[in-house]
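Data first, discussion second: the structure below is written as structure tokens.
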Amino acid sequence: MDYNFGEIERRWQQYWADHKTYRVTEEKAKPKFYVLDMFPYPSGAGLHVGHPLGYIASDIFSRFKRLQGFNVLHPMGYDAYGLPAEQYAIQTGQHPAVTTEQNITRYREQLDKIGFSYDWDREVRTCDPAYYKWTQWAFIRMFQSYYCNQAQQARPIAELVEVFSQQGSEGLDLACNEPMRFTATEWNAMSEREQQVILMNYRIAYLGDTMVNWCPQLGTVLANDEVSEGLSIRGGYPVEQKKMRQWCLRVSAYAPRLLEGLEQVAWSDSLKETQRNWIGRSEGAVMHFSTTEGVSFDIFTTRADTIFGVTFMVLAPESELVEQLTTPEQRDAVKQYIRKTGTKTERERIADRSVTGVFSGAYAAHPFTGEPLPIWISDYVLAGYGTGAIMAVPAHDSRDYAFARHFSLPIVPLIEGCDISEESFDAKEGVMINSDFLNGLTVKEAIPAAIDAVERRGLGYRKINYRLRDAIFSRQRYWGEPFPIYYKEGMPYTLPEEQLPLELPEVDKFLPTETGEPPLGRAKNWHTEEGYPLELNTMPGFAGSSAYYLRYMDPHNDEALVSAQANSYWRNVDLYIGGTEHATGHLVYSRFWNKFLFDIGVACEEEPFRKLVNQGMIQGRSNFVYRIKGSNRFVSLNLKDEHEVTPIHVDVNMVHNDILDLEAFRNWNPEYKTAEFILEDGKYICGWAVEKMSKSMFNVVNPDDIVGRYGADTLRLYEMFLGPLEQSKPWDTNGIDGVHRFLRKVWNLFYQEETLAITDEEPSREALKALHKLIKKVTSDIEQFSFNTSVSAFMICANELTAMKCRNRSVLSDLVVCLAPFAPHIAEELWHALGNESSVCDAAWPAWNEEYLKEDAFPYAISFNGKSRFVIEFAADASREEIEQAVLAHPGSQKWLEGKTPKKVIIVPNKIVNVVI
RNA sequence: GCUCGGAUGGUGGAAUGGUAGACACGCAAGACUUAAAAUCUUGUGACCAUAACGGUUGUGCGGGUUCAAGUCCCGCUCCGAGUACCA
């Protein structure tokens, strides 16, 4: 009987679906294990062979854990809101809901062919009203919460209203946009509207005027992680800075906890480092400066020790201080400068590093010496970081140095022996000079000493500053979650929770209105029953993906995002697999979102993802043919140097092991119908290169094709065999035959000719050894995510069993169970062939027995002065004396000893003997 | 610039400080076959050498620690990824 993978895979996929083999419920008696994939955005292009890499790895792990007796939650869903569907809708007029639905259907077909063990009853889609009801609900809760810095926790805003009316803002340490001071009497005297304005300053979801990344081509704002090098990640359009009133989430309030939480999770060092950099904690001081006109402002510095080297001050052009400080004489020059820098896009600003700036006309007093310091305005200072103002120390900061040089401002060195004739001395080392009471201290001593002095004299205070910004949460787009917000007298109010979900309305076009409002401005009856207008913005892509892991625990619950009971059983994700591209976006937002839900008592774990593995990217491997210039003749790779040729991309699906299918090539394109070939050894050999997997390179490989030709089990094994999971590597179909051959070999252990040929004799010791070696290796490999080496272990075992013609039932039975996570279809088929009634998914993972792995004899490598020379076998329990004597007496040793007596003989049991002469 | 990875045969890749190159692809030879495909067997880092044995060398480069280094330490080179006027 042949290994008919197509028929086998169809049959068992049907069986699993019919029997709901992968359905899970909370079983209190069993230990839980939660394995999650980053759910995909269903794009129109469908899956290519790189997408399932992580899904296969997580599926292997899930199946393995299930065989080990865990109750495994392994769900899948779709991140269905997003820009591409909407861009497509704008171009074609097709409703994004329709194309998204089509894409999901296609994804599901492709996923189903690979044989994943998902519990599809738990599927979620972010664009489903039953799902986004809870996205909206969480937003309302954020709107109704503030963040208390003392407690490091989110609290209900009603509590804050109570406190304000009792004691005003006195003694509170709250996360806010700008510090406010008022008494209880003042608060109580305020109008409803005035109070609302103040509360907005403290809400976790707030409406704020902020500098945003505005992308004119997409017609929307973007979050920082959606922009790279001044271009939008989606589409690559230029992005500019613009001040707009937008919904924001106070992610920055959680910065300390987001940083500390990294200590608790098992993520790779590089990913943790990326998050640490993104959060960007820096210790320093805020210092007050006052101008000669009496205006005072704050700066942030990490180098308080350099206070005596300050020779000027710089403000960001966007800073509110610019307006207040500019003197009448300088007003025109400053206006002109701001107009010039304001029109630059983010990208132009990054590209243009030339030194520019303008003098404001004002002077600040040095806090220690009282010396006047000119205040400049320059775009090298960013409005969004610190206070948007700096003290410039040109001797010890390269940017200040460049500025000082350009505008001929004084430079005062502060560190003994430093050379600042060509560049600044930025290193935090050396001994202080020219610094009054800091003289003689090292930089490391001077920093705290300077801050102490600043605090003592009331000139400032210690401050830990974070780079992490609040997340801008509005998008001027159609295809996203509507905000559960309406406006009354210009102030936003939340809809009552009973009215959720607020469903996305229909619009006639997916474009902004004529008056420049977002697409929802086109919706009819877009107001509350009382007639108050509803919010026109929608939420960004990360809104729906921030808490989806919780929803899988209880996906059909209409009363809560997740029930306490489901949440306390599944708790959080034990293993999360996905790409590194989400390191600073999704993985920050979802941690923030989860911490908020933790604070309000919805999530029972503070960190959502316990262990995280980043699978590498699968790149494309392009193939080339070489056309002789000016002809329709193509020359094989190794003969191309004899001609003048142009390399042409050729569809990799017409190439096998780098050999071109000539017939397919001729039919590929009418232009090649009459192509002639110069062959080598009767074959046309193609060249190759590693490139991005894309249609234009003709190197996209569809998993469906591989499944059709080799079967899903081969695809699964081969994706793992390709190399270490976390490493990026090109997809190279060369070599897939080896993995497929292995499965045939396993099949042939069971079937000989047309019949099942298994026996019930006692297995031989060799066979047991081969099996137990496999069990041990595969068990530890899976635990370490080393799937490529476990595939090798299977091949070795199959080769050994084939060689010794082992057809023993018990040995093959254990082999099949071990294989089940990797190649579930063939395992299920063979498992039933062995006479089992239930699914192999419900078998028990075999334990290995060290007894079978014991060797009678070990080969010892015999080395002389570290160079290994020959091998002798010794009994496993041979004593050191016996070994030493036998080695020295061995005829082979004479040659290397040359009559000398060895100084030392080092014996590593069961490994090596080194004779030092 | 900073941070983090990486560099091993023709290729993908294995190696708790202990026989480097497992396993697989490819290639070569052989078996089967009218033939091809498929399958099976054997060989396969490089160099030297032989009837046979054997030897030398070898994990990006230069040093070091060790009886012993792909692996640990110091200094480079190159490649990849992330991030960037963050005060």
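Just so we're on the same page: letters track the sequence lines, and every chain starts at 1. Atom set for the values below is all heavy atoms of this structure, side chains included, hydrogens, waters and symmetry mates excluded.
- In textbook terms, a nucleotide whose glycosidic angle is within 90° of 0 is syn, while B/G10, being further out, is anti.
- Using the Watson-Crick or G-U wobble rule with both distances under 3.5 Å, B/U66 pairs with nothing in any strand shown.
- Atoms CG (A/Asp269) and P (B/G5) sit 7 Å apart, rounded to a whole Å.
- Within the nucleic acid shown, A/Trp267 has no heavy atom closer than 4.0 Å to any nucleic acid atom.
- Closest approach of A/Met617 and A/Ser728 over heavy atoms only: N-OG, 3.0 Å.
- Along RNA chain B, the nucleotide nearest to A/Thr274 and the one nearest to A/Thr302 differ in position, and the one closer to the 5' end is contacted by A/Thr274.
- Listed candidates were B/A84, B/A87, B/G55. Nearest to the side chain of A/Trp278 is B/A84.
- Using the Watson-Crick or G-U wobble rule with both distances under 3.5 Å, B/U41 pairs with B/A29.
- Here A/Tyr710 and A/Phe5 keep their ring centres 6.0 angstrom or further from each other.
- When both distances must be under 3.5 Å, the Watson-Crick or G-U wobble mate of B/U34 does not exist.
- B/C25 atom C1' lies 9 Å from atom CZ of A/Arg741, rounded to whole Å.
- Whole-Å rounding puts the A/Gln784 CD to B/A15 P distance at 9 Å.
- With C1' as the reference atom, B/U77 and B/C67 are 32 Å apart, rounded to whole Å.
- As the counterpart of B/G5, B/C79 is assigned, both hydrogen-bonding distances of the Watson-Crick or G-U wobble pattern falling under 3.5 Å.
- B/G63 sits 33 Å from B/G12 when the C1' atoms are compared, rounded to a whole Å.
- The residue among A/Asn277 and A/Lys867 whose nearest nucleotide of RNA chain B is located toward the 5' end is A/Asn277.
- Looking at A/His740 and A/Thr714, their side chains do bring a donor and an acceptor atom within 3.5 Å of each other.
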#### Entry: Stepwise side chain to side chain donor-acceptor pair (under 3.5 Å) check, A/Ser252 with A/Asp470
CA-CA 5 Å; A/Ser252 61; A/Asp470 286 347; 2.5 Å; yes
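- The same atom, P, is picked in B/A14 and in B/G9; the two are 14 Å apart, to the nearest Å.
- Summarising the base pairing, B/G54 is matched to B/C48 through a Watson-Crick or G-U wobble pair whose two defining distances lie under 3.5 Å.
- Between B/G13 and B/G64, the two P atoms lie 33 Å apart (nearest whole Å).
- With 3.5 Å as the limit, one finds no donor-acceptor pair spanning the side chains of A/Ser360 and A/Tyr337.
- Distance A/Tyr385 OH to B/U83 P: 18 Å, rounded to the nearest Å.
- Residues that satisfy the salt bridge (charged side-chain N to carboxylate O under 4.0 Å, His left out) test with A/Lys769, not counting sequence neighbours, are A/Glu855.
- Here A/Arg744 lies out of heavy-atom contact (under 4.0 Å) with every strand.
- Base-pair partner of B/A14: not found among the strands shown (Watson-Crick or G-U wobble, both distances under 3.5 Å).
- Applying the 4.0 Å criterion to OP1 and OP2 of B/A81, one finds that A/Gln727 has every side-chain N and O outside that range.
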When the side chains of residues 397-404 of chain A are checked against the rest of the protein, which donor-acceptor pairs come out under 3.5 Å, sequence neighbours left out?
| unit_1 | atom_1 | unit_2 | atom_2 | d |
| --- | --- | --- | --- | --- |
| A/Asp397 | OD1 | A/Arg399 | N | 2.9 |
| A/Asp397 | OD1 | A/Arg399 | NE | 3.2 |
| A/Asp397 | OD1 | A/Asp400 | N | 3.1 |
| A/Asp397 | OD2 | A/Arg399 | NH2 | 2.6 |
| A/Ser398 | OG | A/Asp426 | OD2 | 3.4 |
| A/Asp400 | OD1 | A/Tyr380 | OH | 2.7 |
| A/Asp400 | OD2 | A/Val393 | N | 2.9 |
| A/Tyr401 | OH | A/Arg405 | NH1 | 3.4 |
| A/Tyr401 | OH | A/Arg405 | NH2 | 3.3 |
| A/Tyr401 | OH | A/Ile420 | O | 2.8 |
| A/Tyr401 | OH | A/Ser421 | O | 3.2 |
| A/Tyr401 | OH | A/Glu423 | N | 3.4 |

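- The A/Tyr380 side chain lies nearest to B/C85 when the options are B/A24, B/C85, B/G13.
- Of the candidate nucleotides B/A84, B/A14, B/G26, B/A84 has the atom lying nearest to any side-chain atom of A/Arg467.
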### Task
Scan nucleotides 17-22 of chain B nucleotide by nucleotide, 5' to 3', and note B when protein non-hydrogen atoms come under 4.0 Å of the base, S if they reach only the sugar-phosphate, - if neither.
-BB--B
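- Applying the Watson-Crick and G-U wobble criteria (two distances, each under 3.5 Å), B/A20 pairs with nothing in any strand.
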Less than 3.5 Å apart, which donor and acceptor atoms pair up between the side chains of residues 858-872 of chain A and the rest of the protein, not counting sequence neighbours?
| unit_1 | atom_1 | unit_2 | atom_2 | d |
| --- | --- | --- | --- | --- |
| A/Tyr860 | OH | A/Asn910 | N | 2.8 |
| A/Tyr860 | OH | A/Asn910 | OD1 | 3.4 |
| A/Asn865 | OD1 | A/Ile917 | N | 2.9 |

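- Partners of A/Glu850 according to the side chain to side chain contact (heavy atoms under 4.5 Å, CB included) rule, which considers only residues two or more places apart in sequence or in another chain, are A/Lys776, A/Trp848, A/Leu853.
- Going from atom NE2 of A/His656 over to atom P of B/C25 covers 11 Å, rounded to whole Å.
- Residue A/Thr584 comes nearest to A/Val588 through the heavy atom pair O-CG2, 3.6 Å, listed as atom of the first residue, atom of the second, then distance.
- For the C1' atoms, the distance linking B/U56 with B/A49 amounts to 11 Å, nearest Å.
- Comparing B/U16 with B/G26, their C1' atoms sit 32 Å apart, to the nearest whole Å.
- Side-chain atoms of A/Asn699 and A/Asn623 include no donor-acceptor pair closer than 3.5 Å.
- Remark: B/C85 base-pairs with no nucleotide; criterion is Watson-Crick or G-U wobble with both hydrogen-bond distances under 3.5 Å.
- Only the P atoms considered, B/G10 is 28 Å distant from B/G17, to the nearest whole Å.
- Contacts of A/Asn465 with the nucleic acid, taken as non-hydrogen atoms under 4.0 Å apart, are absent.
- Remark: the separation of the C1' atoms in B/C78 and B/U42 is 40 Å, to the nearest Å.
- Nucleotide B/A14 holds its C1' atom 17 Å from the CZ atom of A/Phe794, rounded to whole Å.
- A/Thr789 and A/Ser792 share no side-chain donor-acceptor pair at under 3.5 Å.
- Between the C1' atom of B/U83 and the CG atom of A/Leu382 lies a distance of 14 Å, rounded to the nearest Å.
- The distance from atom CZ of A/Arg869 to atom P of B/G55 is 7 Å, rounded to the nearest whole Å.
- For the segment residues 390-402 of chain A, the set of residues with a heavy atom within less than 4.0 Å of an atom of RNA chain B comprises A/Ile390, A/Arg399, in numerical order.
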